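Worksheet: one structure, shown below.
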Protein chains: 2
Amino acid sequence: MSPYHHGNLRAALLDEAEQRLGNGELSLRELARAIGVSHGAPRRHFAGKQALLEALAEEGFIRLGRTLEAAAADGDFTARLAALARAYVHFATSHGALLDLMFAGKHRSEGLEAAADRAFAAPLALIADAQAAGEVVAGDPERVAKVAFAAVHGLAALAGAGVLEADDALIDETVERLVLGLKPR
Amino acid sequence: MSPYHHGNLRAALLDEAEQRLGNGELSLRELARAIGVSHGAPRRHFAGKQALLEALAEEGFIRLGRTLEAAAADGDFTARLAALARAYVHFATSHGALLDLMFAGKHRSEGLEAAADRAFAAPLALIADAQAAGEVVAGDPERVAKVAFAAVHGLAALAGAGVLEADDALIDETVERLVLGLKPR
DNA sequence: ACCTGAACACCGTTCAAGT
DNA sequence: ACCTGAACACCGTTCAAGT
């Protein structure tokens with residue numbers, strides 16, 4: 001046991017980092033200690049602490065994207081939007097620190113931007129579908145999707161930060177108001 | 001010159017900290033150096049780094065509250081909501097890192113919670129007024145305000161993080177959709 | 001009351017050396 | 001190819017001592 005080569009150090013570092021995220025500051029040396037590897041070892045897999053955090057954020061977008069995609073799969077427009085909103089808020093409340101990391105910075109790499117765009121693909125498609133079905137006001141789908149996404153993101157972010165308690169009733173009310181506001185007239 | 005007592009070290013530390021916020025990690029020693037005081041000096045005014053950051057966040061809520069209050073002062077419901085949304089987004093885009101700090105953590109002290117509540121007083125009052133005027137659906141004002149606030153906060157947070165470009169047209173469209181969605185029927 | 005400066009235990013990053 | 005361990009320049013926090 002205790003092989004010289006860990007074999008999966010990259011994944012182990014990301015796992016360990018996510019578990020410790022949100023409990024104060026994160027230290028690379030502490031991660032290495034917990035995994036049982038020397039403090040210099042992470043350098044083989046990540047250029048530095050920032051690179052590790054960025055990889056974690058990217059992984060977060062990939063997971064969020066999968067979750068949203070699955071949630072928005074079935075039902076009519078309102079049902080799909082409600083499922084998407086619930087999934088988003090649930091992600092935020094159970095991975096609050098990760099969501100912070102994903103949307104923090106302003107210094108976003110291309111990889112991170114691409115991952116974020118992919119995560120937002122399902123919401124965007126939902127809006128475009130609803131426009132095609134005449135359930136949502138016409139216009140640039142990206143623009144309309146931004147309005148809808150911002151509303152849901154706001155709820156998720158506030159819930160994840162503990163500012164708000166976003167129970168299903170509040171989520172559904174938000175979705176209801178959003179559907180009404182987006183209706184063509 | 002170079003008096004033994006700085007005289008206003010607390011305020012100087014907060015100022016310096018805010019200026020450097022968002023440019024990588026913030027160090028107490030670096031703040032002290034920039035101000036020209038020993039690295040132990042901040043300890044007289046803040047229990048530690050976290051305490052300084054929390055004071056900064058609290059100051060942020062106070063300023064945001066003042067801004068929102070001023071913005072929501074005049075006009076009809078839609079105009080007041082639009083002004084409030086623009087002011088919020090402007091705050092977010094010009095103080096992105098500060099907004100992150102204000103809503104980061106989940107470990108919010110009482111002082112911070114109180115400051116946040118005070119900042120949200122103007123939006124809450126706006127919703128309550130609009131309900132009284134029959135322009136917004138009836139029901140618990142806090143609940144309705146949460147829905148409205150989340151939508152605006154989402155736009156501000158995404159704009160502040162650089163995920164979105166929230167020009168006035170997008171803000172106004174968000175407000176328009178929100179007003180429609182909140183209308184009694 | 002307010003600040004200094006040494007001390008301590010950490011940290012991220014680098015890099016020669018090991019396997 | 002992957003990891004170790006010493007080295008370096010930092011950091012936050014503590015605390016006796018100065019004014």
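Only a predicted model underlies this, so the values are computations on that prediction, with no experimental measurement involved. Just so we're on the same page: letters track the sequence lines, and every chain starts at 1. Below, all heavy atoms of this structure are taken into account, side chains as well, without hydrogens, waters or symmetry copies.
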Expected list for residues 175-185 of chain A: side-chain donor-acceptor pairs under 3.5 angstrom, two or more places apart:
| unit_1 | atom_1 | unit_2 | atom_2 | d |
| --- | --- | --- | --- | --- |
| A:Arg177 | NH1 | B:Gly181 | O | 3.0 |
| A:Arg185 | NH2 | A:Leu180 | O | 3.1 |
| A:Arg185 | NH2 | A:Lys183 | O | 3.4 |

Output all residues satisfying salt bridge (charged side-chain N to carboxylate O under 4.0 Å, His left out) with [X], sequence neighbours left out; order by chain, then residue number.
X	value
A:Glu25	A:Lys49
B:Arg20	B:Glu16, B:Glu30
A:Asp129	A:Arg80

Give me the stems containing DNA chain D, sorted by first residue, counting only three or more consecutive Watson-Crick or G-U pairs with both distances under 3.5 Å; say none if there aren't any.
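The stems are C:4-8 with D:12-16, C:12-16 with D:4-8.
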Sequence neighbours excluded - salt bridge (Lys or Arg N to Asp or Glu O under 4.0 Å) pairs with any residue from residues 81-105 of chain B:
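Qualifying pairs: B:Arg86-B:Asp168, B:Arg86-B:Asp172.
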Residue pairs, two or more places apart or on separate chains, that pass salt bridge (Lys or Arg N to Asp or Glu O under 4.0 Å) and touch residues 132-151 of chain A
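Output for this query lists A:Arg143-B:Asp167, A:Arg143-B:Glu173.
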Please name the pair of heavy atoms, one in B:Leu56 and one in B:Ala17, separated by the smallest distance, quoted to 0.1 Å.
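The answer is CD2-CB, 4.0 Å.
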For D:dC3, does OP1 or OP2 lie under 4.0 Å from any side-chain N or O of A:His45?
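Yes, within the criterion.
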Test: side chain to side chain donor-acceptor pair (under 3.5 Å). Region: residues 34-48 of chain A. Which pairs qualify, not counting sequence neighbours?
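Every pair satisfying side chain to side chain donor-acceptor pair (under 3.5 Å) with a residue in residues 34-48 of chain A: there are none.
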Given D:dC3, C:dC3, C:dG5, the nucleotide with the shortest approach to the side chain of B:Ala41:
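Comparing D:dC3, C:dC3, C:dG5 against the side chain of B:Ala41, the answer is C:dC3.
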Identify, residue by residue, the members of residues 26-35 of chain A with a heavy atom below 4.0 Å from DNA chain C, and return them in order of residue number, or none.
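The stretch gives A:Leu26, A:Ser27, A:Leu28, A:Arg29, A:Arg33 as the residues lying under 4.0 Å from the strand, ordered by number.
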Look at all strands and tell whether A:Gly40 reaches a base, only sugar-phosphate, or nothing, counting heavy atoms closer than 4.0 Å.
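Since a base atom lies under 4.0 Å of A:Gly40, the category is base.
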